[in-house]
Amino acid sequence: MPDMIRPARRGLMLILSSPSGAGKSTLTRTLCQRETNIDLSVSVTTRTRRASEIDGVHYRFIDRAAYDAMLRQGDLLEWAEVHGNGYGTPRKNVETALKAGRDVLFDIDWQGTLQILDKAREDVVTIFILPPSMAELHSRLVRRAEDAPDVIARRLANARDEISRWSVYDYVIVNDDLGAAYEAIRAILTAERLKRSRATGMAAFVQNLLGQPTQ
Ligand code: ADP
Ligand code: 5GP
């Protein structure tokens with residue numbers, strides 16, 4: 001559609017949360033690769049980098065002192081301690097993307113979700129990803145083969161508490177089949193992008209439409 005006839009729309013913030021191992025990183029990465037006009041918010045974390053992760057792509061890996069400094073300076077839109085590490089969303093990139101009319105995707109936990117909901121409820125869409133069973137959650141963490149056994153044990157111990165937050169979210173998806181879960185997220189994004197409340201340019205578009213001759 002040419003820009004002339006695509007009414008302007010406010011950018012939205014799409015948040016995905018889940019217990020560790022349910023599949024949200026896989027789903028967020030696929031969404032960013034396949035969809036246009038959506039940026040992944042790259043968080044900062046004090047956690048150690050996994051072998052497969054790239055600094056600046058998956059996270060910005062920083063030490064406690066740098067993390068505390070960002071907190072003090074108000075550089076983080078939201079932040080939380082998760083599984084014993086500090087995580088946070090740098091404010092700047094999110095604001096730049098939204099101002100440019102782009103949507104922003106977040107892979108953050110329930111604590112961060114509540115903070116962003118508090119700041120901008122109308123612009124936020126939240127999705128919670130559930131594993132099909134606790135046994136499958138365990139085997140996914142083991143199959144991922146990126147964390148030491150004590151780290152996996154800690155994540156599993158936290159899973160029940162994280163799962164109990166599911167009802168905070170707008171949408172809940174059981175990630176049994178990866179393709180089906182991805183299609184569900186895509187459908188949510190498509191519908192939420194079309195919401196009348198986000199179509200800031202629609203009133204002008206309709207006024208112009210009504211002013212046009214029928215033939
Ligand atoms: P999270 O980001 O929620 O911790 P990941 O996206 O890293 O989880 O997924 C954990 C592991 O489970 C990865 O090895 C991923 O490939 C695998 N996985 C994700 N979704 C599915 C699925 N539907 N079926 C089987 N394996 C999956
Ligand atoms: P992981 O260490 O597996 O990458 O992430 C652990 C948890 O921290 C996940 O639930 C993930 O969503 C969450 N997380 C990652 N980045 C952020 C962030 O910037 N803020 C908050 N609140 N949680 C985050």
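For the single chain, residues carry numbers from 1 onward in sequence order. One-based numbering, in listed order, for ligands and for the atoms of each.
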query = Among side-chain atoms of E122 and S197, is any donor-acceptor pair under 3.5 angstrom?
reply = no

inquiry  = I'd like to know if the side chain of N85 pairs up with that of T45 as donor and acceptor (distance under 3.5 Å, no hydrogens or angles considered).
reply    = no

To which protein heavy atom is [atom] closest, and what is the distance rounded to 0.1 Å?
atom	result
atom 6 (C) of ligand 2	Y87 OH, 3.5 Å
atom 16 (N) of ligand 2	S43 OG, 3.2 Å
atom 27 (C) of ligand 1	R140 NE, 3.6 Å
atom 14 (N) of ligand 2	D107 O, 3.7 Å
atom 13 (C) of ligand 2	D109 N, 3.8 Å
atom 20 (N) of ligand 1	N175 ND2, 3.0 Å
atom 10 (C) of ligand 1	G21 O, 3.6 Å
atom 7 (C) of ligand 2	V82 CG1, 3.7 Å

Linking I/L/V/M/F/W/Y whenever any side-chain heavy atoms sit under 4.5 Å apart, do [X] and [Y] land together?
X	Y	result
V168	L130	yes
I163	I127	no
V174	M134	yes
V94	L40	no

Under 4.0 Å from a heavy atom of [X]: which atoms of ligand 2 are those, numbered in the order shown and with their elements?
X	value
R47	1 (P), 2 (O), 4 (O)
G112	22 (N)
R155	1 (P), 2 (O), 3 (O), 6 (C)
K24	9 (C), 10 (O), 11 (C), 12 (O)
A80	22 (N)

[Y] and [X], any side-chain heavy atoms less than 4.5 Å apart:
X	Y	value
L14	L31	yes
R60	D55	yes
I108	Y87	no
N93	V42	no

Would you mind listing which atoms of ligand 1 come within a distance below 4.0 Å of any non-hydrogen atom of [X]?
X	value
S20	4 (O)
T26	5 (P), 6 (O), 9 (O), 15 (C)
R143	25 (C), 26 (N)
D176	22 (C), 23 (N), 24 (N)

request  = Inspect the contact between R50 and D147 and indicate whether a charged nitrogen and a carboxylate oxygen are less than 4.0 angstrom apart.
outcome  = yes

message = One thing to verify: whether R10 and D123 come together as a salt bridge, which I'm taking to mean a side-chain N less than 4.0 angstrom from a carboxylate O.
response = yes

[X] N/O under 3.5 Å from ligand 2 N/O:
X	answer
E78	yes
R50	yes
G88	yes
Q111	no
E162	no

inquiry  = Checking contacts here: is it the side chain or the backbone of S18 that comes within 4.0 Å of ligand 1, counting heavy atoms only? Could be both or neither.
reply    = side chain

task = Between P19 and ligand 1, find which residue part has any heavy-atom pair under 4.0 Å and reply side chain, backbone, both or neither.
result = backbone

task = Could you pull out the closest heavy-atom pair between V125 and R198, with the gap in Å?
result = CG2-NH2, 3.7 Å

Does any N or O of ligand 1 fall below 3.5 Å from an N or O anywhere on [X], backbone included?
X	result
D107	no
L27	no
S25	yes
R144	yes

key: Test side chain to side chain contact (heavy atoms under 4.5 Å, CB included) applied to R165 and T113, step by step   = CA-CA 10 Å; R165 314 289 171 172; T113 302; over 6 Å; no

[X] atom [atom1], neighbour heavy-atom count above 12 within 6.0 Å:
X	atom1	value
R160	CZ	no
Q212	CD	yes
R64	CZ	yes
R91	CZ	yes

query = Is it true that L141 lies under 4.0 Å from ligand 1, counting heavy atoms only?
reply = no

Where's the contact between [X] and ligand 2, heavy-atom distance under 4.0 Å: side chain, backbone, both or neither?
X	value
T89	both
Q115	neither
Y59	side chain

request  = Ignoring hydrogens and angles, tell me if any N or O in the side chain of D170 forms a donor-acceptor pair with the backbone of T126 under 3.5 Å.
outcome  = yes

inquiry  = Quick test of your reading of the structure: of A180, G23, A145, whose heavy atom lies closest to atom 8 (O) of ligand 1?
reply    = G23

